Every structure is written in structure tokens, then in C-alpha cells.
> 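Could you have a look at this structure, given as C-alpha cells, before my questions?
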There are 2 protein chains.
Amino acid sequence: MGATIKDIAKAAGVSSATVSKVLHDSGANIRVSKERAEHIREVAHKLNYVPNVLARNLRKGATRNIGLVFENFGSIAAGPLYYAEMFDGITSVLFAEHYRLTILPEIDPDTGHKELANGQLDGVIWCKFVENQATNQMLRKAALPCVALNTLETNVPPNAVSVMCDNLGGAELVVDHLTQLGHTQIAFVNEIREEETPDSIGRLSGFIRSMNERGLAVHQDDILTWSFEATEFVSWWAKKPPHTALFIWNEGQASRVLRRALDAGVEIPRELSVVGFDSTAFSETTHPPLTAVNQPIREMARYAANVLLNLISGQVPESHSVTFPVTLDVRGSTQALTQSRVSNP
Amino acid sequence: MGATIKDIAKAAGVSSATVSKVLHDSGANIRVSKERAEHIREVAHKLNYVPNVLARNLRKGATRNIGLVFENFGSIAAGPLYYAEMFDGITSVLFAEHYRLTILPEIDPDTGHKELANGQLDGVIWCKFVENQATNQMLRKAALPCVALNTLETNVPPNAVSVMCDNLGGAELVVDHLTQLGHTQIAFVNEIREEETPDSIGRLSGFIRSMNERGLAVHQDDILTWSFEATEFVSWWAKKPPHTALFIWNEGQASRVLRRALDAGVEIPRELSVVGFDSTAFSETTHPPLTAVNQPIREMARYAANVLLNLISGQVPESHSVTFPVTLDVRGSTQALTQSRVSNP
DNA sequence: CTGAAAGCGCTTACAG
DNA sequence: CTGAAAGCGCTTACAG
């Protein structure tokens, strides 16, 4: 259908090598007379020539195409604005450099290296990379530049660079905030199918550590795991738990808990303080607005994309692992422990 | 780095044609002795062979790669769960068929056809396709199977298939609902930089038509265009507008208006009824929960992906344009016009 | 300043 | 049942 270099060469009466040089070679190397060059360009335009990138890539051994791997891809819709921010961040960098972004299906540790090493990708950004020997080995087999986004530090595969937020520090901010408000009975809320996620693991362990540092023990009853819809909130509350505050692993889950509370007539924050994690614009729209740890996901995504591009161009990374600091956005879902709540009916 | 067919051929003592046949040919055409075949497979495995997809694609003229075009890509983070649902829908179909999804940078009408026709894509899903002669021509030039998602019916490029939701019908549901509640002073709220978007155009024209059909005129003052943050709400309300209900073009913008209202002490829905559009799970988390038109975006996305796959396989589409019906999810942000509000201070 | 030729890794008629 | 050869469209030494 499309015209090829050969077509142009014939139409312009030159060799295909000459056409290629004129159309794509770096300025300095073009040693073709002005007139010839102009003529070739005209013919190419007239024939509506579009270079076949596949052929070029095959020849050059580069694709200008980056892969994006999600574990738990199915639940992209779960993290309100989190993924959207991440996308924006990654694509803003990649597109500026004329790269494309390809979403990959979930990678099978056994056969997945073929998806990565088949010549279609210059590199890969791997979200929530989960420790797995097979995967590590696969990645090494694929010999593909890789940036792991939000991965446990101990799980970063060799020859990859890790970019993450400070989950431990974030948890500490939460515990600080809540204890300063007088709360000592704090529960951590996880989400079903997310317990194995690097982020939730990091936040939970940070929570336990920070509590312990303040002389507060964390028991089994202080760690809750609820379904996506957080419907367990109602029965949990009915049991009159001692907790006066909840640290919920992410923004999306926190918003659903807020909803359940509202429906059940539980007053947030008077009866129960709630803190979440991520703090995108979404946290402003909940009722009450959600106090949450602010993770700079957009900047992290931009950074990850830049690091990957450097990796691809052969640079040795300055650091094997980069951790972004987090802050706490205090909004309306937390308040000082009131007397009324202490005498919980 | 990776082993090639030639390497295997040499190691196995056969021709590369034979290797290719054993490894990839359709079952029927393999005419190689069992033992030889087995031996070749062993060698391939031992050498960690991964076929180079680029080379195969170049030869076969197919890529198993679909492009996704957003106009206004930058604002993907704006539509709360809308894009996430869409992604899930598209990828669930594509991945099952071993296709990949590549996000494309915004397409330049003048040069963009090169992005599409460069041999990397088997087809394209184009979101919010905007009428544009250059683009139409470009698409024809590229000669690429195309599905336009949520495009005005009149703008669907020739040789593409349109998949959209019934924006007009949705607007009618809104007007029905509000007028049944006694509202006659209804304003439509658009969003800056979205006025030219097919969806907002469709919803606005549906609003005007439905109002007119009920003998209600729509004046200039009844059509508002607010910034992303909807901060204009406060000054608008301060002017004591006659309106008792707002029809806001989408869910995200509606949620921000709700937030402004809450901050400004305007009671929704007692003082003002608010209706949005999209109605993903996000509409449940706002305060109050948002009454909104439900657009089955996930199913639409799945449908679009399936149609595209059919187009690619050469099937003639049953229809040039498919419109999905919408429904209205009545939640807490609308209520019957109360006496108190009529006597608006 | 320009062209003939080889090659990226694969697949597919074609011949034997 | 198997292999030699051509070719997908491009680029890059190399020769002239």
C-alpha cells in the first residue's frame, strides 16, 4: 500500500541508499547535492512516503517503545486518580522524547520473558513489582532496562532501578499525627488481594514500627483486611471496637470506608478519625475531605521515565534505588480524640 | 544477545526454514519427523530462544498492536474513573486475543498520519475524535482500521466505526428527572477546554432540545462554562441566579462543584439540585452521592475493541455507528423543589 | 558526491 | 520430509 524507499528511488532516479540518506541521515553525513536532495524530498512527499518503522527498528535494534507492566492490572479502576496521575507523568516524559508507551498484559513469570525480550521494547516500567525468583531471572534473561515503580527495596531485581515513595516515613507521619491528636487505639486497614502489594506491606510495617517506637503495641485485632467495597466496616463497628482512628492503606479504600460510615450514621471524624494514603485531588472530594499522606506520584512517574531513558542510552544509574519523601495533607477526616468518643456506647 | 533462528539451525544441524516451521508453523503444515522436531525444540529451549517479533511482523505485515488516541490526553486525570474503566474494557478484550495496546501521543493532523501508518499498528481506537478535514484525510491515507469512541455521529470519519453513548437521550433523562421534581430553571455547566468535546456538545444540544420540547427556553445565562476547579461556582451563586438545578457535563466536574458548594455552605440538594454524567463508582463517593446519567463505558470499550478486531480481520462491520443506551442513577444530589428554595434570599 | 551490496531475523513459496 | 533462496523495508559500511 504505502510507498517504499525503493519506489522513491526509482521515481527519483537514484539509489535507495541515497534516498535513505537524504530522508533520515543525520545532517552532517549528507553528502548529496542540494538539488538532488530537494528533488528526492519532493518525490517522497508526492508519493506520500511514510517510513516503515518496523524495518528501521529491525535494522537499528531500537524501538522507541517502552512497556508498562501492572500487576493487578484488573484493578486499575480501584485507585481513583493514582493511575491517571502516573500515566500523565510517564507519558509526558516519553512523548516529549518521541517514545511510545505500550501497556503489557500481566506477565507470566514462566513465559513472560518472551513478552519482554521479543525485540519490541527498549525498556520497561514495572509497577508494584512483586518479589519472585522466576521473574528476576526472567528479567535478567530479557536483559532489558527496567525501572521498578513502588517496589519493596528488598525486591528490586538486580540491574533494575527502583523508584518508590517513602511508605515507612508516611506511616510515621500518620502515627505522629494521630497520637498528637490523642489517639492510641489505631487500626490499620488493608484491602483484600492487596495484602501482598509492596505499598501495603511497606505501610503496614511502617505503622507497626512507629507504633512500637511510641510504646504502643499492635495486636492482631489492630490489623483489618476488608473487601474492595469495605462492607465489613459496619459489622466491625457494631462490635464496638476500642479503636478511635483508622489508618487505611490507600485513598480509594479510605473513600469507601467514609461512604460506609456515612451510610451507617457513624460520624467522621467525631466518632472515628480516618487517614488514607496517596492524597490526589480525589481526597478533596470525599466527605469529609480525607486526611492523607501525599505521595508525589506524578513526579515519581516522570522521574522513573527519565531514569529509564538514561538507562536505555547506556548511562550507569547514579543510584540503584530512589525514595521520594512524602508529606501529610491534614483535612477534615481527623480530629482530636473527644471525650464523647472515649465513652463509646 | 538473543539467539536467532540461524543459531538454532546451526546447533541442531538443520536449515533455518525447518526451525521456523517446527517452532511456529500451523500444525497441519509441519512435515518434519517427530524426532527432528523434538530435537529442534530442545535446542531452542536450551539456547533460550525468543523469536524477534519485529522481524516476524515485518515479514507478515501484521503487528498485533493496537493504538489508542486521546485528544486532550493531558486531562486523563480529570475524569475520575472514566478512563480507568475504559482501559479495563479495552485491554480485557485485546489481551485475551494477544494484542497489545499502545498509547499514542496526541496526533498532529498535518503530520500525524505518519504515526499511524508507519507499520507499527494494526488498528486504532480514537477517543473523542474531533471533526477535522485534515484528520479525516490523514486517516484515509493511513488506511488503518479505526473505531471512534464517543464521537459526534456527524464527525465519524469514513471507513471508521463509531461507538458512542446516547448523549441526547441522557440529557433527556436529566431534564425529565428534574422537571418531574418541579425544576424549570435549569442551567447546563460546561468545562473550559471541553466545550469542543463531542460529549459535551452532545449533552448540551440534548439539554436544549429537551428543554424546548417541554416549552422551557434556554438562554445564554443558562449555559455556564467553568474552569477545571469550578471556583466560579461561588461568585455565580453570590449573584443569586434563578436556577434551582444544575446539569453538569460530567462526573468529575460535578464532584468539584459539590465540593465548592459544601465549602460555601450551600446545601445540596436542598438549595440546589445537581446532576452529573458518567456515574462510575466515583459518583457514590461524593457528598452527597451524585445523581448521574450512567454511561456503560466499560461495555462500550469492550465493544469497541471487538469491533476493531473484526475490522482488522477483514470483516465488513454490520453498522457504521453504534449507540449505547444510558440510564439515570438517582442518588442524593437531587430533590423536589422545596418552598424554602423558591423564596431564595 | 553517489551506488551496489550485505544484512537485521524472520517466513514462505518453490524445488527436490 | 527437508533445504536453498528470495524477500519484508530499511540502514550502513564500503567502494568508487
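Just so it is clear: chains get the letters A, B, ... in the order the sequence lines come, proteins before strands, and each one is counted from 1. Since the structure is predicted, the reported quantities are computational estimates derived from the model, not experimental observations.
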> Name each donor-acceptor pair under 3.5 Å that joins a side chain in residues 299-317 of chain A to protein atoms two or more places apart or in another chain, with its distance.
from	atom 1	to	atom 2	distance (Å)
A:Arg302	NH1	A:Ser92	OG	2.7
A:Asn306	ND2	A:Arg302	O	3.3
A:Ser313	OG	A:Asn310	O	2.9

> Counting only heavy atoms and a strict 4.0 angstrom limit, can you tell me which residues of residues 48-64 of chain A come near DNA chain C?
A:Leu58, A:Arg59
> What would the secondary structure line of DNA chain C be in dot-bracket form, counting Watson-Crick and G-U wobble pairs under 3.5 Å, with [ ] for pairs that cross earlier ones and | for pairs with another strand?
|||.||||||||.|||
> Check this for me, if you would: do B:Arg64 and B:Asp122 make a salt bridge, where the nitrogen-to-carboxylate-oxygen distance has to be below 4.0 angstrom?
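B:Asp122 and B:Arg64: not salt-bridged.
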> Who pairs with A:Glu115 by side-chain hydrogen bond (donor to acceptor under 3.5 Å, both in side chains), at least two apart in sequence or on another chain?
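Scan of A:Glu115 (side-chain hydrogen bond (donor to acceptor under 3.5 Å, both in side chains), adjacent residues dropped) gives B:Arg100.
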> Kindly determine whether A:Asn65 and A:Thr102 satisfy side-chain hydrogen bond (donor to acceptor under 3.5 Å, both in side chains), including the steps that lead there.
CA-CA 7 Å; A:Asn65 196 187; A:Thr102 292; 3.1 Å; yes
> Whole Å only: how far is the NZ atom of B:Lys21 from the P atom of D:dT2?
9 Å
> Please give, in whole Å, the distance from C:dA6 C1' to B:Lys6 NZ?
11 Å
> Picking from D:dG3, C:dG3, D:dC10, which would you name as closest to the side chain of A:Thr18?
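So the side chain of A:Thr18 is nearest to C:dG3.
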> If you check the A:Ile5 side chain, which of D:dG3, D:dT11, C:dC8 turns out closest?
D:dT11
> Considering only heavy atoms, which members of residues 7-16 of chain A lie under 4.0 Å from some atom of DNA chain D?
none
> Can you list everything that forms a side chain to side chain contact (heavy atoms under 4.5 Å, CB included) with A:Ala11? Sequence neighbours excluded, please.
A:Val43, A:Leu47
